[in-house]
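Single-structure report; data block below.
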There are 2 protein chains.
Amino acid sequence: MRTIRNTNAAMPGRHLTAQRRLLLDLIHSARGHIDAKELYRRASSQDASISLATVYRNLRLFQDLGLVDETRLGRTSHQYEPKRSAEHQHFVCTYCGRVIEFQTPLVDNVIERFQQEQGVKVTKTEFYLEGVCRQCGQRKEEG
Amino acid sequence: MRTIRNTNAAMPGRHLTAQRRLLLDLIHSARGHIDAKELYRRASSQDASISLATVYRNLRLFQDLGLVDETRLGRTSHQYEPKRSAEHQHFVCTYCGRVIEFQTPLVDNVIERFQQEQGVKVTKTEFYLEGVCRQCGQRKEEG
DNA sequence: TTAAGTGCAAAGGCTTTGCAGCATA
DNA sequence: TATGCTGCAAAGCCTTTGCACTTAA
């Protein structure tokens, strides 16, 4: 069980409330992605009085502080995960919802070139693939 | 003014209604991206009685028929555009909302390799960049 | 002590759906 | 003529917000 220490280095000038500690803990231990609803469900089981508004407010805050990354996967689902140093990308299986993360330097090349050619500054990248995972592909062939 | 011909080759077994013709026309002449609300606004100015439900129903239909592509840009906005043969990618300026489209074979390389390594089948790609466009970058420096 | 955070409930967007009437094939 | 489509209005989601109370610093 990962614990967030009691000092407030990550949120200068902010209150490190029990709710925030709980939410950060859950996001970290989710190992992968978690959406607001599921985060609320899990938080509720440990603190029955926590509200969905608090979940949303803090997800927004964590993003602003750079503690958490938001990713839009699939049609409308927003997923959250701890911030990482390396950019990484996502593949989502449209049959079972499985998420595969991957990372490739080619993406950095594309960005570098695009910035130079267009004179723009890229601050965020999202490379999203959708398709059929190995397992579901096999199941389809067999079935 | 691009016109969609009156036969129904694009939608076998479907009714090519006046509303659908109008919507397809507008999507094509939007030259770029358009979202449901704006599409509704423009459609209304030509057919005051068209309903938002019809817009949504048909956007869904057009996607299913492969006539139109949906792209999620920025936080929550869904954008629609005519289907194209070549995959292309998007950059969105977080200041002015400008959308720059680009295309690079590197993306295809990434997909090819990913499919082989993971044994998956990729059916959809979205490479989304966010940042500051040239114009807004200059404006920030000057201001 | 006091600014910041919380829960609650209500409101806001966007999108979908049930239904009765209408229009296309 | 018979299905499919439409408009309308209502409902469904997900997310945000106003307010009064609570709490961390």
Side-chain angles (χ1 to χ4, degrees), chain A residues 4-26 33-65 67-68 70-80, chain B residues 4-27 33-65 67-68 70-80 97:
Chain A
I4 313 271
R5 64 189 190 296
N6 234 329
T7 61
N8 201 352
M11 293 189 276
R14 303 293 186 144
H15 295 185
L16 184 51
T17 63
Q19 292 90 334
R20 287 181 180 166
R21 233 177 287 133
L22 173 58
L23 291 175
L24 283 172
D25 241 8
L26 287 171
H33 311 83
I34 190 167
D35 64 12
K37 208 169 82 181
E38 176 62 16
L39 182 55
Y40 172 63
R41 210 186 56 71
R42 295 189 193 176
S44 299
S45 77
Q46 296 195 226
D47 169 3
S49 76
I50 200 170
S51 81
L52 191 51
T54 293
V55 171
Y56 277 111
R57 272 192 287 240
N58 283 314
L59 280 173
R60 167 71 62 103
L61 173 70
F62 297 159
Q63 283 180 75
D64 291 346
L65 294 177
L67 299 175
V68 156
E70 184 196 64
T71 314
R72 293 174 294 286
L73 302 180
R75 210 179 160 66
T76 46
S77 117
H78 295 195
Q79 302 275 337
Y80 301 86
Chain B
I4 312 268
R5 64 189 191 294
N6 234 330
T7 61
N8 200 353
M11 293 188 277
R14 304 290 185 147
H15 293 185
L16 184 51
T17 63
Q19 292 90 333
R20 288 182 180 165
R21 232 176 287 134
L22 173 58
L23 292 175
L24 283 172
D25 241 8
L26 288 172
I27 292 169
H33 312 84
I34 191 168
D35 63 12
K37 208 168 81 181
E38 176 63 16
L39 182 56
Y40 172 64
R41 210 187 56 72
R42 295 189 194 174
S44 299
S45 77
Q46 295 193 229
D47 169 3
S49 76
I50 201 170
S51 81
L52 190 51
T54 294
V55 171
Y56 277 110
R57 273 193 287 242
N58 283 315
L59 280 174
R60 166 72 61 104
L61 174 69
F62 297 160
Q63 282 180 75
D64 291 347
L65 294 176
L67 298 175
V68 156
E70 183 195 65
T71 314
R72 292 173 295 287
L73 301 180
R75 216 182 154 63
T76 47
S77 115
H78 294 195
Q79 301 277 338
Y80 301 86

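So you know, we letter chains A, B, ... as the sequences are listed, proteins then strands, and number each from 1.
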What residues form a side chain to side chain contact (heavy atoms under 4.5 Å, CB included) with B:A18, not counting sequence neighbours?
none
Given D:dT16, C:dT16, D:dC5, which nucleotide is nearest the side-chain atoms of B:R60?
C:dT16
Find out whether B:L59 and B:E70 are in side-chain contact, i.e. whether some heavy atom of one side chain is under 4.5 Å from a heavy atom of the other.
no
In whole angstrom, give the distance that lies between atom NE2 of A:H78 and atom P of D:dC14.
11 Å
Quickly, which of B:D25, B:N58, B:T54 forms a side chain to side chain donor-acceptor pair (under 3.5 Å) with B:R20? Name it, please.
B:N58
Is B:K37 near enough to C:dG13 that one of its side-chain N or O atoms lies under 4.0 angstrom from OP1 or OP2?
no
Look at the side chain of A:S49 and decide which nucleotide, out of C:dA3, D:dT15, C:dG7, has an atom nearest to it.
C:dG7
Nearest to the A:A53 side chain among D:dT15, C:dT6, C:dC8, which nucleotide is it?
C:dC8
Which one, D:dG7, C:dA25, C:dT6, comes nearest to the side chain of A:Q19?
C:dT6
Across all chains, not counting sequence neighbours, the salt bridge (charged side-chain N to carboxylate O under 4.0 Å, His left out) partners of B:R42 are B:E38
Ranking D:dC5, C:dT16, D:dC8 by distance to the side chain of B:S51, first place goes to D:dC8
Provide, to the nearest angstrom, the distance between the CD atom belonging to A:Q63 and the P atom belonging to D:dT15.
11 Å
By nearest-heavy-atom nucleotide on DNA chain C, the more 5' of A:R57 and B:R57 is A:R57
Give B:I50 one of three labels, base, sugar-phosphate or nothing, depending on what nucleic acid heavy atoms sit under 4.0 Å from its own.
sugar-phosphate
For the side chain of A:H15, counting heavy atoms from C-beta on, which of C:dA3, D:dT3, D:dC14 is nearest?
C:dA3
